[in-house]
Amino acid sequence: MSIKDGFKSAVPVMMGYIPLAIAYGVLGKAAGLPDALIVLLSIMVFAGASQFLAISLFAGGVLPLEIIFTTFIINSRHMIMSTSLSRKLEDHMGIFKRGVIAFGVTDETFSVSSVQGKDRKLNARYLIGLNFSSYFAWVAGTVIGIFFSSILPASLEASMGIALYALFIALLFPSAFRSKHIMILVVITGIFHILIAFYFTSNGKPTGWTIVISSLIGAFIGIFFIEEDEIHG
Amino acid sequence: MVENYLLTVAGMTFVTYLPRALPLVLFKNVQIPDKLDKFLSLIPFTMLSALIFPSIFGSTGNVYSALGALTVCVFASYRKLNPTLIVLLGISTVYILQQF
């Protein structure tokens, strides 16, 4: 597979990232953050959920160490994705290429590469094409969002908070509708996470840890009733 | 302010990159047992589910517009619409519901 194949797989991710990154840029401006900080986060961190959260933390004057710690908790979930992805890489791929690909592992690029790698190994060219086209869409969308923030009506701005979740739904539910057992697992995990977040966090809201724990326990339960061919179907 | 946020962003970059890179770099040519392999294959589904629920309900500032968008997007996934269209449908649904 070539870089071009990676780019082709990235198109739906890019189309999802651009409105999302515009939303991020707009919200960052609305919170009064400097343009350079908003863009720098997209260039260096490249992790949507944590960047959205960082906007409110920076704007709220939260201590740097606290911002860094929260970012770590939210983004530690990528460790599970990278572990899963590591099985799909060509065995001979070098450490440097792996390190470069790792920078672009996100919920979305990971979901796409899981689908592509279900019955074959993935090479570096493909993954670099996929991950970095998505990356450029994210950074470009951020810049567009900053420029367009002044002309967007406030009511449209308020509606963009849903964008991230709409993208997650678009990635998850097609598989769930293909297999009854996957759908059951999705529902169980969702309910489980609602309960954990409600009872085990101080404000009843989910955090990085509750997301990690719920998805680990959900996947463990899934081992017992989901068949291999349902996962890849 | 500027030096301060540069250091913070550097810290955020480091703690975000590390979990992404360690497994890819360390787990080279490691054979994973079947059960663990199945467990890891299920992670994308459960992770996405945990990312969506319950955070989606607080994402718009109004639980009803979020529920409306959830319904529309899930139905759109059932009809196999492409992800971009689903994102735009989600934003439009919230936008329309917020007008009431």
Side-chain angles (χ1 to χ4, degrees), chain A residues 12 15-16 19 37 40-41 44-45 47 64 67-68 71-72 75-80 82-84 86-87 91 95 98-99 102 105 111 114 155-156 158-163 165-174 177 182 185-186 189-190 193-194 197 206 211 214-215 218-219 222-223 231, chain B residues 4-5 7-9 11-13 15-17 19-25 27-30 32 35 37-56 58-61 66 69-70 73-74 76-78 80 82-84 86-91 94-95 98-99:
Chain A
M15 299 311 280
L37 173 58
L40 198 63
L41 284 170
M44 303 296 290
V45 178
I67 298 179
I68 293 168
T71 304
F72 174 69
N75 291 338
S76 58
R77 69 177 188 281
H78 294 133
M79 188 180 266
I80 305 166
S82 283
T83 305
S84 175
S86 69
R87 301 166 305 140
D91 296 327
I95 299 248
R98 286 165 183 259
V105 174
S111 301
S114 308
S155 50
L156 190 58
S159 310
M160 295 183 98
I162 200 76
Y165 301 98
L167 183 61
F168 290 151
I169 291 169
L171 290 169
L172 175 61
F173 278 86
F177 281 119
I182 300 268
L185 183 66
V186 164
T189 308
H193 188 223
I194 291 172
I211 291 169
S214 309
S215 50
I223 296 176
I231 300 171
Chain B
N4 204 0
Y5 80 61
L7 270 177
T8 310
V9 173
M12 293 169 72
T13 304
V15 300
T16 302
Y17 182 66
R20 278 172 169 162
L22 283 181
L24 279 185
V25 172
F27 298 158
K28 219 188 147 190
N29 304 324
V30 179
I32 296 180
K35 273 267 188 288
D37 192 79
K38 194 170 170 187
F39 173 75
L40 291 173
S41 313
L42 290 172
I43 291 285
F45 304 119
T46 57
M47 180 76 81
L48 282 166
S49 181
L51 283 165
I52 297 168
F53 303 105
S55 305
I56 188 171
S59 65
T60 63
L70 173 65
C73 292
V74 168
S77 306
Y78 176 70
K80 300 188 173 67
N82 84 47
T84 310
I86 295 178
V87 169
L88 295 176
L89 275 173
I91 294 174
V94 173
Y95 182 74
Q98 304 278 47
Q99 306 305 311

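As the structure is a computational prediction, the values presented were derived from the model and not from experiment. Reminder, nothing fancy here: chain letters follow the sequence lines and each chain counts from 1. Computed over heavy atoms, backbone and side chain alike; hydrogens, waters and symmetry mates excluded.
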Discussion item. Could you check whether any side-chain N or O of Ser82(A) sits under 3.5 Å from a backbone N or O of Ala21(B), counting only pairs where one atom can act as donor and the other as acceptor?
Written reply: no
So, the part of Tyr17(B) with a heavy atom under 4.5 Å from chain A: the answer is side chain
Residue from Ile223(A), Val186(A), Ile95(A) scoring the most non-hydrogen pairs under 4.5 Å with chain B is Ile223(A)
Highest number of heavy-atom pairs under 4.5 Å with chain B among Leu185(A), Val105(A), Leu40(A), Leu167(A) belongs to Val105(A)
- Query: Checking Tyr78(B) side chain against Phe173(A) main chain: does a donor-acceptor pair fall under 3.5 Å?
  - Reply: no
Most contact-rich option vs chain A, by heavy-atom pairs under 4.5 angstrom, among Leu48(B), Ile86(B), Thr60(B), is Leu48(B)
Taking the side chain as every heavy atom from C-beta outward, state whether Ile169(A) and Ile56(B) have any atom pair closer than 4.5 Å.
yes
Between the CG atom in Leu24(B) and the CZ atom in Arg87(A), the distance rounded to the nearest 0.5 Å is 11.5 Å
Given Gly218(A), Ala219(A), Ser86(A), Ala166(A), the one with more heavy-atom pairs under 4.5 angstrom with chain B than any other is Ala219(A)
Highest number of heavy-atom pairs under 4.5 Å with chain B among Gly16(A), Ser214(A), Gly99(A) belongs to Gly99(A)
To the nearest 0.5 Å, atom OH of Tyr5(B) lies from atom CD1 of Ile67(A) at 12.5 Å
Sorted by chain and residue number, the side-chain contact (heavy atoms from CB on, under 4.5 Å) partners of Ser215(A) (sequence neighbours excluded) come out as Thr46(B), Met47(B)
When the 4.5 angstrom heavy-atom criterion is applied to Ser111(A) and chain B, the contacting part is side chain
CE (Met44(A)) and OG1 (Thr13(B)) are apart, to the nearest 0.5 Å, by 4.0 Å
Could you check whether any side-chain heavy atom of Pro19(A) comes within less than 4.5 Å of a side-chain heavy atom of Val87(B), counting everything from C-beta outward? yes
So, the part of Lys35(B) with a heavy atom under 4.5 Å from chain A: the answer is both
Given Cys73(B), Gly61(B), Ser55(B), the one with more heavy-atom pairs under 4.5 angstrom with chain A than any other is Ser55(B)
Cut-off 4.5 Å, heavy atoms of chain A, and the answer for Leu89(B) is neither
Whatever's closer than 4.5 Å to a heavy atom in chain B on Phe177(A) counts as side chain
task = Decide yes or no for Val9(B) and Leu37(A): does some side-chain heavy atom of the first lie under 4.5 Å from some side-chain heavy atom of the second?
result = yes
Leu172(A) vs Ser49(B) side-chain heavy atoms within contact, under 4.5 Å: yes
Scanning both residues in full, the closest heavy-atom pair of Thr16(B) with Ala47(A) reads CG2-CB, 4.2 Å
If you tally heavy-atom pairs under 4.5 Å between each of Ile182(A), Thr71(A), Leu171(A) and chain B, the highest tally belongs to Thr71(A)
One should read off an interatomic distance between Met12(B) CE and Leu41(A) CG, to the nearest 0.5 angstrom, of 5.0 Å
Practice task
Ignoring hydrogens and angles, tell me if any N or O in the side chain of His193(A) forms a donor-acceptor pair with the backbone of Phe53(B) under 3.5 Å.
Solution key: yes
Practice task
Please check if the side chain of Arg20(B) supplies one atom and the backbone of His78(A) the other of a donor-acceptor pair under 3.5 Å.
Solution key: no
With chain A, the option among Gly90(B), Pro19(B), Gly11(B) that has the most non-hydrogen atom pairs under 4.5 Å is Pro19(B)
